[in-house]
Visitor: 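Got a structure for you, questions after.
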Amino acid sequence: MRLAGPPCRIYRLSETIPSQKAQVRRLNSVSTVLNVPKADIYRFGDANRATPVFHDVEWSIKATDSWAVVGTGSGEKSSVFDMLMGHLRIHPPPPPPGGLFPFLANESRDPHDCVSIVSFANKRVAGGAFYDYTARYGAVREEDRITLRESMFPETINDLKSQTRIALEPVSTDHKLFDYLAERMGLQSLLDLPRIALSNGQTRRARILKALLAKPRLLLLDEPLTGLDVENRATVLAILHELHAACNPHIVIGLRMQDAVPEWVTHLAIVNEGQIKSGPKAQLLAYKTKIQNATALRGEQVPHIKLDPNAGEPVVEMKNVCVTYGPRQVLKSITWTIRKGQRYHLQGTNGSGKTTLLSLLTGDHPQSYTQLGGPSDSRYLRLFGLPRARLATPHLQARIGVVTPELFDAFPRRAPGMSVWEAIGTGFEGGFVPKGQDGVGIGLSEDEREWRIRRCWEVLEALGPTAWRSPSSPTSIPQPPTSSSSSSSSKIPSPSTPSSTSPTLHQFASLKFPDLPVAAQRMVLLMRALVAQPPVVLLDEVWSGMDAGMVAAAHAYLRTGGGVGKEQAVVVVTHLEDEVPWDERDGVVRVLLKDGELSGAGEV
Ligand SMILES: Nc1ncnc2c1ncn2[C@@H]1O[C@H](COP(=O)(O)OP(=O)(O)OP(=O)(O)O)[C@@H](O)[C@H]1O
């Protein structure tokens, strides 16, 4: 049974939260939010003499200041958030009575309920098993029917079998705050949709809203703007600023080194090579820029290659293609021809249908079957010269290299997990299970097998840690397994060229994919998408969560012709133009999806 939500009325923020002034006064009287005395930070279980995660940290956050933690996604920034969540040992510990969070000294609630985190840099999927991320495109299963509104108030969900209420603690009873935030965040019209139907950016906004409803006193938001379009970035930032200014809750955000620092942030904690430098923004911005430039330069130095956009044969032909869910028409009439050699930047606001459009090409969307196929039909979807319905989905998976946020979240991580080598090797078939003794496939001719092994080493060399890791900061990549029982099940064949024999690459290839920091996992999935040199490559929000050095290495590889060649077509989806490896000098075509129509696609 679907429950009607609370009546919708728009409230002003000042009405929805306790008097700002009173709150700020109360906080000022105990004005220290966070206090880390001069201390070393260790993983739990490490002896005091072990190498600390961070040395000599001295960090204090006053309630009146606004902080951002800036760092790489390779583990260091998330370790700072781990420390703030109490998952690391601080030695010597912050002194009582306040401890780490003096402002909570008189708080009646459990401190664990007072400090919460929402991380977009670091999503880990429970259980690690592969799940069918394409479920959101099809008929929604009963258990996936939970609406966005119900997910905000789980106590309103009925048990599927007994049809009685599940006894849960209310997340929040503050319907005023809920209505206010849902309206401002553009979520009101989505509240009664199944939660799994939401787009990536819509889901991210919903996660922030849910965290705010739980009324933490301190909210840590790691990379809260990832995947949001330009307008939503501004809105979310403005809301966070308002809430933070009212100290309800106090907010600390996490940023990548290459991200712009919001205007209202007054202080930075910059994490680099085992050190946390903290202080006023004005004093630390130059330091941040220096680290950023040191890693980003390589990408800039790659020359532009002007591509001939109309040279290749069509690999995708769409005419008047549409996708509807009941009365909701997401794609109205899409006409688009993608040719070999073309580079597209697909633009559009959150929820405009970009992922839906790409899922038609990959065959993941059931409505891809219902589009017609003959060139004389008034609407059709043809892939590689054939009607989509005549192509088996595994055949499409082998011919389209793809990275999307959904695939990243769903990729199998269950223990003991694939090795990096095996994860890359699955890219030849586009599946999720490593195949063959070498992890590059079965039933191959010797030439094909050798070519595949060579390609794995090529992508590892171009996009592996030797291409992006600073030699002075080796800490962020875990060590390879020592026991034979934990080593990879596929044998890693030696490279044929001496340049690829770096021990670092061998070690990296044998690591377990799930053990890698999230940014490195993203690089591995990019390698997987490129390894087979498929005729079509779809890169949807691949750069989010990557460090500047990784983005630079990936851009350089894609632009030099090693990553993708003239026989391949590439579609990049990102909200930031700077993140597209090619620009107008290379012949990139920018297409915009708006109101279900695609503009800028040129020919029919
Ligand atoms: N089963 C469904 N029922 C109704 N609407 C749906 C369903 N599935 C998806 N939608 C809607 O389709 C729209 C397109 O979603 P899609 O993921 O393609 O957007 P997007 O452009 O990729 O967004 P983002 O930039 O946030 O990733 C969204 O508004 C979504 O809510």
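Atoms within a ligand are numbered from 1 in the order they appear, just like the ligands themselves.
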Visitor: For W543 and H555: C-alpha separation, side-chain torsions, deciding distance, then whether ring-ring contact (aromatic ring centres under 6.0 Å, His included) applies.
Guide: CA-CA 10 Å; W543 322 108; H555 277 205; 4.8 Å; yes
Visitor: Any N/O of G227 closer than 3.5 Å to an N/O of ligand 1?
Guide: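 No, G227 has no N/O under 3.5 Å of an N/O on ligand 1.
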Visitor: By the definition side-chain contact (heavy atoms from CB on, under 4.5 Å), identify the one residue from I196, L190, D192 that meets it with L148.
Guide: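 Checked I196, L190, D192 against L148; only one passes side-chain contact (heavy atoms from CB on, under 4.5 Å): L190.
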Visitor: So if I count the atoms of ligand 1 from 1 in the order they appear, which ones are less than 4.0 Å from some heavy atom of T349?
Guide: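 Within the 4.0 Å cut-off of T349, ligand 1 contributes 21 (O).
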Visitor: Can a side-chain donor-acceptor contact be found between T235 and R184 if the only test is distance below 3.5 angstrom?
Guide: no
Visitor: Heavy-atom distances under 4.0 Å decide this one: backbone, side chain, both or neither, for V330 against ligand 1?
Guide: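 For V330, only side-chain atoms sit under 4.0 Å from ligand 1.
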Visitor: Heavy atoms only: which of T574, T356, D192, T203 lies closest to atom 18 (O) of ligand 1?
Guide: T356
Visitor: Centroid-to-centroid, F384 to H395, below 6.0 Å?
Guide: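 So the answer is no for these two rings.
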Visitor: Does S352 come within less than 4.0 Å of ligand 1, judged by its heavy atoms?
Guide: yes
Visitor: What pairs with R343 under side-chain hydrogen bond (donor to acceptor under 3.5 Å, both in side chains), at least two apart in sequence or on another chain?
Guide: none
Visitor: If we set the cut-off at 4.0 Å for heavy atoms, which region of R328 has an atom near ligand 1: side chain, backbone, both, or neither?
Guide: side chain
Visitor: Are any of the N or O atoms of G351 closer than 3.5 Å to those of ligand 1?
Guide: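 Yes; at least one N/O pair falls below 3.5 Å.
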Visitor: Of all the atoms in ligand 1, which lie at a distance below 4.0 Å from a heavy atom belonging to H575?
Guide: 25 (O)
Visitor: For R205 and S199, does a side-chain donor sit closer than 3.5 Å to a side-chain acceptor?
Guide: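 No, no side-chain donor-acceptor pair sits under 3.5 Å.
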